[in-house]
Amino acid sequence: MLLDTFSELERNRYEKLLEMRAQGVEPYPTRSHKDTEAAEAIARFEQTENAPESTPVQVTLGGRIRAIRNMGKLSFAHIEDKSGKVQLFFRVDELGQEKLDFFANHFDLGDFIEASGTMFRTKRGEVTLQVSDFWMVAKALLPLPADKDEIVDGKVVRHSQLSDPETRFRNRYVDLAVNPEVRKIFKLRAAIIKSIRNFLDNRGFLEVETPILQPIYGGAAARPFLTYHNQLRQQLYLRISFELYLKRLIVGGFDRVYEIGRDFRNEGVSFKHNPEFTQMELYMAYGDYHAIMELTEQMVSQVAQEVLGTQIIQFDEHEINLTPPWNRIQIRQGLMDLAGIDIAAYPTAEALGEVLKEKKINFKPGIPRGKMIGLLMEEYLEPTCIQPTFLYDYPRDISPLAKNKPEDPNTVERFEAFISGVELGNAFTELNDPLEQEKRFSEMGREYGEGEEERHPMDEDYLRAMAYGMPPMGGFGMGVDRLVMFLTNNHNIREVILFPHLRETFDEIEEDSTKQE
RNA sequence: GGGCGCGUAGCUCAAUGGUAGAGCAGCGGCCUUUUAAGCCGUUGGUUCAGGGUUCGAGCCCCUGCGCGCUCACCA
């Protein structure tokens, strides 16, 4: 029972609720009567304020009470709705002592109130609603964490705001309710995604939805989540990428498709990894990875321009310029320049392994050559990619879905985009030769061994689709959460996901007897 | 999974091994233009959990849980 968990402080609010009911006032009425947003009321007043024949701005406002200042014969309150805050002014002359006392005795911080009256400007200069009538629309039984804003030199200074990350993420509704800057992140997030859609829609891409529950996972190197369909008695995986389904659609004739949705990867959780995350993938027939590079830099810079009004963003201590063209560094050349290693001179894993040992880079014995190159990139290339950079031409053995470079069978046409040393997206000229694809799947099986879940499983139906003829194309996958992190200057992915995954608490584990292995 | 750090009132934080505190929030007063309102008074604690050392533990030790940072795994 909720009531059983209440502290004395919370009981107190419940008592007020009971008192209201006893007086015939419903604390959760069915209808509301708000007709104007806070910001709109203020704007309308300011427009008419100095007009010679201004008519009074008469409105009914509604929102959550964020501050109350009772002063005996008058009261001030601030309420907040999605447009912002506005002050309410209650005077005994206007309302009578009884009504004023009713406000003082029954309304708390966090309650939802509606009030009608006329807008005016106080002596201190704040546009305010002079309340002629008010009523409760939802009583809050639990108190929100106390905080107050002070305006110093035009800047809002928060006092004692809710800041403990665990409390904030476990009770995101409270975090959002009291921290407007957190709400702002998610408004920006929505705008970013909308802007991506606009960009792609305008270029003839069709937005599609493909299965999240998949009998065979694929399209990325990651461990999947496993689930089970009872009636079909079928094991299913939660998708780790959209790739193989989207490319089937290109076979189907759409030529340009994209999807924005959730991927699930059963891997470590960190400041840049959440078990489920939002991915954007697109496929463009008759394009290659060079075309995708251009599309990517245009998309990201344009999204920034639309959402932030600038292509120059601040991330960490760096000022990052998203304006095209971005840096392009070929991996072999980059490693020659920055590490003094020509990877082409070491064509086998054994030979390259010796180089890694020389450079004191630790690696698990037996990993493929491509992974070793990945380690070199992490050490020498990626940290230098502060400004937006495409690293391109990847080793073939870690890229089973990408097409060879025509002149170099060990290298594929693939790039990854980096900003501030962190990967933003991954793209390639897509392999469209079904027999070659079949060979690659088999190779992956050998490289990784049977037991390793991250090896790319053979997908027979995908090969069949390709065998019907798949036009040449470029494809691209981008972590939307990462992009939101860059554009909102957040360094932890949990800050840009509304309900990030947190470990269960002990109590929850004990109560949940159905939990799986 | 490893290492380091943190966990005290609803929130933000104090407290040499020696009576658990402050501000805000709450509650009771005073106050007719306040705005971090103010002034006076006051309530509120399983110090994350369990064990140990000690005359005595918020503090020291052990175990567990959670969070943060970091490394590893992983794009």
Side-chain angles (χ1 to χ4, degrees), chain A residues 6-13 15-16 66-78 85 87-95 97 100 104-105 108-110 120-126 128 130 142-152 156-171 174-175 178-179 220-223 240-241 263 265-273 275 277 279 362-364 367 371 374 377-378 382 391 394 398-399 416-418 422-426 452-454 477-479 482 491-492 494 500 502-510:
Chain A
F6 277 11
S7 67
E8 193 183 331
L9 196 146
E10 292 150 6
R11 283 246 155 219
N12 202 295
R13 287 173 175 245
E15 298 294 331
K16 291 181 182 177
R66 294 304 309 280
I68 295 177
R69 294 177 289 277
N70 287 323
M71 300 185 55
K73 295 282 194 291
L74 61 132
S75 289
F76 290 90
H78 271 100
K85 285 185 186 172
Q87 184 168 251
L88 307 184
F89 178 42
F90 304 78
R91 345 174 22 181
V92 70
D93 305 351
E94 177 97 23
L95 294 161
Q97 192 64 50
L100 196 68
N105 294 331
D108 290 303
L109 299 185
F120 77 112
R121 193 180 283 277
T122 64
K123 280 181 189 166
R124 293 293 186 96
E126 180 164 348
T128 298
Q130 169 137 334
L142 299 179
L144 290 169
D147 68 332
K148 285 186 176 175
D149 293 347
E150 181 183 17
I151 306 216
V152 180
V156 177
V157 179
R158 313 296 304 285
H159 295 273
S160 302
Q161 68 177 323
L162 174 69
S163 58
D164 175 54
E166 182 172 0
T167 312
R168 288 180 48 227
F169 297 145
R170 286 197 196 280
N171 309 283
V174 175
D175 185 30
V178 301
N179 290 328
R223 297 175 62 194
I240 59 171
S241 85
D263 269 343
R265 298 187 182 175
N266 206 340
E267 287 168 355
V269 178
S270 79
F271 71 97
K272 53 179 178 176
H273 299 272
F277 63 98
Q279 182 86 349
N362 293 326
F363 61 93
K364 266 199 291 192
I367 60 170
K371 280 203 167 186
M377 291 168 59
E378 274 176 37
E382 295 176 12
L391 297 181
Y394 274 67
I398 54 167
S399 314
E416 291 187 353
F418 286 84
V422 179
E423 185 206 337
L424 175 66
N426 180 19
E452 293 182 56
E453 274 179 304
E454 74 208 54
M478 178 181 74
R482 297 261 176 97
H491 305 271
N492 192 321
R494 288 173 166 170
L502 295 186
R503 206 179 289 270
E504 285 181 302
T505 61
F506 188 67
D507 290 349
E508 286 166 340
I509 291 170
E510 280 209 317

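Chain letters run A, B, ... following the sequence lines, proteins first and then strands; every chain starts at 1.
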(message) Using a 6.0 Å cut-off, check whether atom CG of A:Asn362 has over 12 heavy atoms from anything other than its own residue.
(response) no
(message) To the nearest 0.5 Å, what is the distance between CD on A:Glu94 and CG on A:Leu74?
(response) 12.5 Å
(message) Using Watson-Crick or G-U wobble geometry with both distances under 3.5 Å, which nucleotide pairs with B:G50?
(response) B:C62
(message) Rounding to an integer number of angstrom, what distance separates B:C48 and B:G5 when you compare their C1' atoms?
(response) 16 Å
(message) By the 4.0 Å heavy-atom rule, please label A:Lys16 as base, sugar-phosphate, or nothing.
(response) sugar-phosphate
Give each protein N/O atom lying under 3.5 Å from an N/O atom of nucleotides 28-34 of chain B, with the pair distance.
residue, atom, partner, partner atom, Å
B:C31, N4, A:Gly72, N, 3.2
B:U32, N3, A:Asp93, OD1, 3.2
B:U32, O4, A:Asp93, OD1, 2.9
B:U33, O2, A:Lys123, N, 3.2
B:U34, OP2, A:Arg124, NE, 2.6
B:U34, O2, A:Arg69, NE, 2.8
B:U34, O2, A:Arg69, NH2, 3.1
B:U34, O2, A:Gln87, OE1, 3.3
B:U34, N3, A:Gln87, OE1, 2.9
B:U34, N3, A:Gln87, NE2, 3.2
B:U34, O4, A:Gln87, NE2, 2.8
B:U34, O4, A:Thr122, OG1, 2.8

(message) I need a per-nucleotide contact map over nucleotides 7-12 of chain B, read 5' to 3'. Cutoff is protein heavy atoms under 4.0 Å; write B for the base, S for backbone only, - otherwise.
(response) ---BSS
(request) Take the protein atom CZ of A:Phe271 and the nucleotide atom C1' of B:C71, then report the distance between them rounded to whole Å. (result) 11 Å
(request) Can you tell me the distance, in whole Å, between the CG atom of A:Leu109 and the P atom of B:U35? (result) 17 Å
(message) Please enumerate all residues that pass side-chain contact (heavy atoms from CB on, under 4.5 Å) together with A:Asn171, with sequence neighbours excluded.
(response) A:Thr167, A:Tyr173, A:Val174
(message) If I pick the C1' atom on B:G3 and the same atom on B:U8, what distance separates them, to the nearest angstrom?
(response) 26 Å
(message) Between P on B:C74 and CD on A:Gln279, what's the gap in Å once rounded to a whole number?
(response) 18 Å
(message) If I pick the P atom on B:A14 and the same atom on B:A9, what distance separates them, to the nearest angstrom?
(response) 12 Å
Scan nucleotides 39-43 of chain B against the protein and return all N/O pairs shorter than 3.5 Å with their distances rounded to 0.1 Å.
none

(message) Among residues at least two apart in sequence or on other chains, which ones pass side-chain hydrogen bond (donor to acceptor under 3.5 Å, both in side chains) with A:Ser241?
(response) none
(request) Take the protein atom CG of A:Asn362 and the nucleotide atom P of B:G2, then report the distance between them rounded to whole Å. (result) 19 Å
(message) Which residues pass the salt bridge (Lys or Arg N to Asp or Glu O under 4.0 Å) test with A:Lys272, not counting sequence neighbours?
(response) none
(message) Can you tell me the base-pairing partner of B:C55? Count Watson-Crick or G-U wobble geometry only, both distances below 3.5 Å, and say none if there is no partner.
(response) B:G18
(message) So, using ring pair (Phe, Tyr, Trp, His ring centres under 6.0 Å) as the criterion, who are the partners of A:Phe90 when residues are at least two apart?
(response) A:Phe103, A:Phe134
(request) With P as the reference atom in both, quote the distance from B:G21 to B:G45 in angstrom, rounded to an integer. (result) 12 Å
(request) Ignoring backbone atoms, test whether A:Arg265 places a side-chain nitrogen or oxygen under 4.0 Å from the OP1 or OP2 oxygen of B:C74. (result) no
(request) Taking atom P in both B:U16 and B:C6, compute the distance separating them and give it to the nearest angstrom. (result) 14 Å
(request) Both distances under 3.5 Å, Watson-Crick or G-U wobble: report the partner of B:G38, or none. (result) B:C30
(message) Taking the C1' atom in each of B:A20 and B:G38, what is the distance between them to the nearest angstrom?
(response) 29 Å
(request) Name all residues meeting the side-chain contact (heavy atoms from CB on, under 4.5 Å) criterion together with A:Pro275; count only those two or more places apart in sequence or in a different chain, and write none if there are none. (result) A:Phe225, A:Val269, A:His501
(message) Among residues at least two apart in sequence or on other chains, which ones pass salt bridge (Lys or Arg N to Asp or Glu O under 4.0 Å) with A:Arg494?
(response) none
(message) Can you list everything that forms a side-chain contact (heavy atoms from CB on, under 4.5 Å) with A:Arg69? Sequence neighbours excluded, please.
(response) A:Ala67, A:Phe76, A:His78, A:Gln87
(request) Return the value, rounded to whole Å, for the distance between atom NE2 of A:His273 and atom P of B:A72. (result) 11 Å
(request) Take the protein atom CZ of A:Arg170 and the nucleotide atom C1' of B:C67, then report the distance between them rounded to whole Å. (result) 8 Å
(request) Kindly compute the distance separating CZ (A:Arg11) from CD (A:Glu15), expressed to the nearest 0.5 Å. (result) 7.0 Å
(message) So, using ring pair (Phe, Tyr, Trp, His ring centres under 6.0 Å) as the criterion, who are the partners of A:His273 when residues are at least two apart?
(response) none
(request) Specify the separation, in whole Å, of atom CG of A:Asn492 and atom C1' of B:U70. (result) 13 Å
(message) Please compare A:His491 and A:Glu378 by the position of their nearest nucleotide in RNA chain B and report the one closer to 5'.
(response) A:His491
(message) Nearest 0.5 Å, please: how far is CG in A:Leu162 from CG in A:Leu144?
(response) 9.5 Å
(message) Quick check for you: to the nearest 0.5 Å, what is the distance between A:Phe271 atom CZ and A:Asn492 atom CG?
(response) 8.0 Å
(request) Using side-chain contact (heavy atoms from CB on, under 4.5 Å) as the criterion, list what pairs up with A:Phe120, not counting sequence neighbours. (result) A:Phe89, A:Thr122, A:Thr128, A:Gln130
(message) Base, sugar-phosphate or nothing for A:Arg13? Non-hydrogen atoms, less than 4.0 Å.
(response) nothing
(message) In whole Å, I'd like the distance from the CD atom of A:Glu166 to the C1' atom of B:G5.
(response) 15 Å
(request) Determine the interatomic distance between C1' on B:G10 and the same-named atom on B:G18; round to the nearest Å. (result) 30 Å
(message) Please classify the nucleic acid contact of A:Leu142 as base, sugar-phosphate, or nothing, using heavy-atom distances under 4.0 Å.
(response) nothing
(request) For B:G7 and B:U47, measure between their P atoms and round to the nearest Å. (result) 14 Å
(message) Partner lookup for B:C69, please. Criteria are Watson-Crick or G-U wobble with both distances under 3.5 angstrom; report none if nothing qualifies.
(response) B:G3
